[in-house]
Amino acid sequence: MKNMADAIESFIIGQMLAASQNAVMVQRNELADRLSCAPSQISYVLSTRFTPEKGYLVESRRGSGGFIRIVRILPDEETEQEPTVEEVLDYWLKNRMLTGREHALLRYLMGILDVPEEDKRQILRQAVKKMVQAK
């Protein structure tokens, strides 16, 4: 049997798949009530399983009418190989996570970096972390 964290993760991913979207918005308390768990369990799952390293960006708004928005920032993994930086940037553009100008600038920057592909992916991961911390 799955533990509660697995159930919460499965529910959130299921919501994304059901909506055929790369993003989902939920309210922590409503989700906790629906899954019969504590809101802190929702927070734990979001902070451990929906991270930029795992391909997700989580935005949280507190207060009345607050919500949690979870966005898939990496293409679905059809192969065992990690997507290239170019594939990630194209995915972000296609899903309107970047403007055309931002896409062009990032693509140019990644193109002129004289580092291995893994280092470029790490630079993008760090940039996403900084963006999340800035909000």
*What pairs meet the salt bridge (charged side-chain N to carboxylate O under 4.0 Å, His left out) rule with one or both residues in residues 13-23, with sequence neighbours excluded?*
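Found none.
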*What pairs meet the salt bridge (charged side-chain N to carboxylate O under 4.0 Å, His left out) rule with one or both residues in residues 24-36, with sequence neighbours excluded?*
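Every pair satisfying salt bridge (charged side-chain N to carboxylate O under 4.0 Å, His left out) with a residue in residues 24-36: there are none.
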Closest heavy-atom pair and its distance - [X], [Y]:
X	Y	value
K54	R72	O-NH1, 3.5 Å
P39	A32	N-CB, 3.8 Å
E9	V45	N-CG1, 4.0 Å
R49	N3	NH2-OD1, 4.4 Å

*CD on E87 to CZ on R121, rounded to 0.5 Å*: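 The CZ atom of R121 sits 9.5 Å away from the CD atom of E87.
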_Rounded distance [0.5 Å steps], CD1 in I8 versus CZ in F50_ =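 Answer rounded to 0.5 Å: 9.5 Å.
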*Run the side chain to side chain contact (heavy atoms under 4.5 Å, CB included) check on V71 and E59 step by step: do they pass?*
CA-CA 8 Å; V71 180; E59 177 186 5; over 6 Å; no
Applying a strict under-4.5 Å side-chain criterion to I, L, V, M, F, W and Y, I'd like to know whether [X] and [Y] cluster together.
X	Y	result
L93	L124	no
I112	L89	no
W92	L105	no

_M4 vs Y44, side chain to side chain contact (heavy atoms under 4.5 Å, CB included): CA-CA, chis, key distance, verdict_ = CA-CA 11 Å; M4 184 53 69; Y44 169 78; over 6 Å; no
*Can you tell me if CZ on F11 sees more than 12 non-hydrogen neighbours from other groups inside 6.0 Å?*
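Enclosed: over 12 neighbouring heavy atoms sit under 6.0 Å from CZ of F11.
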*Could you go through the side chain to side chain contact (heavy atoms under 4.5 Å, CB included) check for I123 and M110 one step at a time?*
CA-CA 9 Å; I123 290 167; M110 291 296 145; 3.8 Å; yes
*What pairs meet the side-chain hydrogen bond (donor to acceptor under 3.5 Å, both in side chains) rule with one or both residues in residues 102-113, with sequence neighbours excluded?*
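Passing the test, one end in residues 102-113: E86-R107, D90-H103, T99-E102.
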_Candidates I12, I68, L46 - the one meeting side chain to side chain contact (heavy atoms under 4.5 Å, CB included) with L31_ =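 In the set I12, I68, L46, the residue that makes a side chain to side chain contact (heavy atoms under 4.5 Å, CB included) with L31 is I12.
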